[in-house]
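Note that the numbering runs from 1 along the sequence shown for the chain.
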Amino acid sequence: MQDILDRFLSYVKIDTQSDASSNTTPSTTKQWDLANKLVTELKEIGMQDVTIDENAYIMATLPSNVDKEVPTIGFVAHFDTTPDFSGTNVNPQIIRNYDGKDIVLNAEKNIILSPDYFEDLIQYKGQTLVTTDGTTLLGADDKAGITEIMTAMEYLVAHPEVKHGKIRVGFTPDEEIGRGAHKFDVEKFGAEWAYTMDGSQIGELEYENFNAAGAKIKIQGKSVHPGYAKGKMINAIGIAQEIMAALPKNEVPEQTSGREGFYHIHTITGEIENAELGLIIRDHDRSSFEDRKKALETIIFKLNEKYNNCIEISIKDQYFNMKEKVMPVYHIVETAKEAMEALNIVPIIKPIRGGTDGSQLSYMGLPCPNIFAGGHNFHGKYEYVPVESMEKAVEVIVKICELTATK
């Protein structure tokens, strides 16, 4: 346990927050700090063909140790953390033999991680948890996944009696801002299929995800003295309110689950003359996804008729549901499921309410389901990960490699 814990702690203490406003890859120079460390470690544990390109995409090979032809498979994780919450000066807390009660993350600020609110906590009673100190995120998304892949490869190098085919490893920047797969060289990677280690609780196995789009709405108003504004003022803030009011009230993240789609306004800025909304559109069903985009465009069209074309909207697709690409090779899901069951892990097969590098990679020719990395409450100060879940994820990786070589 201590080895995997030490490795994980060494990763999360390195700030790798990405930045959507940047046009570079990686989007922040600090991502290179962990990327270069990973390259060194891959070489130290005995991986071959270790490469890092000008955009910080890392690849490495574990050669086959069987004398027959078996599929080349891969494992992928991302090393950036979300811009949604600070990843600077991460100070992890280690809770050994968790007693099932409230965990004080920060006494001074009265920040409590409680099983009364976060019900999943109670299933880890008696285990070792890694939490934040209440001031930053933890970074288990997805440094837990990197830890697990690295540890599994180190184990396989040290245990040649475990038979496996050629294994490829890939670590990417900028997944949290939707660009993790944008410059991933699928042909160079050379795997028939892969798995992202980027899920949450132990047992998760996902091959469905949202269809996703982002929208920006810009409103041009007219400022007039309020005492003389009748028939003249166009208040951009008021129009922004009308747009928000026109969206379905119940189709928001906090009121949906499973395969239910939503609209999510995540930024708003404005004054009388100018206002801007940023939102995302999500739906698992492709037809419903297209309908959502059209519905938003219709709202803007009607308001433009009312306010003399003062609104601009741009909608950009971000990624699509990987199910379409995974179903023709569904055996790759069955292999992961078989690996979990062999380790007495109950598979939790469910749709991802989000996306991973795997959703984009699947459409780039690399079918790529998602497997649990063990963390909970990503992107915030309540994030935590049980060390035992990371250990199980390592075992799953090893078992998948073994099963792929022996079938």
Side-chain angles (χ1 to χ4, degrees), residues 18 20 78 80-85 137 141-142 172 174-182 196 198-201 204-218 240 243-268 276-300 313-327 348-364 367-373 375-380 383:
S18 48
H78 65 91
D80 68 312
T81 60
T82 181
D84 292 348
F85 207 80
L137 49 65
D141 179 14
D142 187 25
T172 70
D174 292 338
E175 189 270 355
E176 294 291 1
I177 56 174
R179 303 180 200 162
H182 284 192
T196 47
D198 196 16
S200 184
Q201 76 179 75
E204 283 190 352
L205 173 57
E206 301 153 326
Y207 64 93
E208 298 179 59
N209 61 277
F210 277 136
N211 296 290
K216 288 186 178 180
I217 300 171
K218 296 182 179 180
I243 293 170
M244 290 188 288
L247 294 170
K249 301 295 183 296
N250 298 326
E251 296 177 15
V252 292
E254 59 268 35
Q255 296 191 46
T256 53
S257 61
R259 290 180 174 81
E260 296 172 327
F262 59 74
Y263 301 92
H264 175 46
I265 297 171
H266 57 81
T267 58
I268 178 170
E276 186 170 327
L277 296 172
L279 67 152
I280 59 175
I281 303 163
R282 300 289 188 263
D283 209 297
H284 280 89
D285 181 80
R286 185 64 173 268
S287 178
S288 296
F289 173 63
E290 298 299 332
D291 288 344
R292 285 186 181 280
K293 290 189 289 183
K294 290 176 183 175
L296 181 59
E297 289 174 333
T298 298
I299 291 169
I300 301 306
I313 181 171
S314 61
I315 300 177
K316 184 178 181 180
D317 289 332
Q318 296 168 318
Y319 52 82
F320 299 102
N321 192 341
M322 76 171 89
K323 180 179 180 181
E324 178 181 330
K325 301 299 181 181
V326 173
M327 287 305 295
I348 304 171
I349 300 178
K350 62 181 185 62
I352 307 170
R353 287 184 61 78
T356 69
D357 279 343
S359 57
Q360 296 184 50
L361 291 171
S362 292
Y363 279 84
M364 295 165 64
C368 202
N370 191 43
I371 293 174
F372 71 91
H376 289 259
N377 305 337
F378 296 147
H379 296 195
E383 186 181 6

| Polar side chain donor-acceptor pair, His376 to Glu383, under 3.5 angstrom | no

| query | Among side-chain atoms of Asp357 and Thr196, is any donor-acceptor pair under 3.5 angstrom? | reply | no

| note | Sorted by chain and residue number, the side chain to side chain donor-acceptor pair (under 3.5 Å) partners of Asp291 (sequence neighbours excluded) come out as none

| Is the backbone N or O of Ser257 less than 3.5 Å from a side-chain atom of Glu260, with the two atoms forming a donor-acceptor pair by type? | yes

| task | Please name the pair of heavy atoms, one in Asp80 and one in Glu175, separated by the smallest distance, quoted to 0.1 Å. | result | OD1-N, 3.0 Å

| query | Pick one: which of Leu279, Ile265, Leu277 meets side-chain contact (heavy atoms from CB on, under 4.5 Å) with Ile243? | reply | Leu277

| remark: Heavy-atom closest pair (Met322 atom, Pro369 atom, distance to 0.1 Å) is SD-CA, 4.0 Å

| Between the side chains of Arg179 and Gln318, does any donor sit under 3.5 Å from an acceptor? | no

Donor-acceptor contacts under 3.5 Å from residues 211-218 side chains, at least two apart:
| unit_1 | atom_1 | unit_2 | atom_2 | d |
| --- | --- | --- | --- | --- |
| Asn211 | OD1 | Asn321 | N | 2.9 |
| Asn211 | ND2 | Asp283 | O | 3.1 |
| Asn211 | ND2 | His284 | O | 3.0 |

| query | Salt bridge between Glu251 and Arg292, side-chain N to carboxylate O under 4.0 Å? | reply | yes

| task | Give, for atom CD1 of Ile352 and atom OG of Ser359, the distance between the pair rounded to the nearest 0.5 Å. | result | 7.0 Å

| Any idea which heavy atoms bring Gly354 and Asn209 closest together, and the distance? | O-CB, 3.3 Å

| Distance-only polar pair, side chains of Arg282 and Thr256, donor-acceptor under 3.5 Å | no

| task | Would you tell me whether His78 and Asp174 have side-chain atoms, one donor and one acceptor, within less than 3.5 Å of each other? | result | no

| message | Checking the side chain of Asp285 only, and the main-chain atoms of Ser287 only, is there a donor and an acceptor separated by less than 3.5 Å? | response | yes

| task | Please check if the side chain of Ser362 supplies one atom and the backbone of Lys325 the other of a donor-acceptor pair under 3.5 Å. | result | no

| message | I'd like to know whether the aromatic ring centres of Phe378 and Phe85 sit less than 6.0 Å apart in this structure. | response | no

| Ionic contact status for Glu297 with Lys294, cut-off 4.0 Å | no

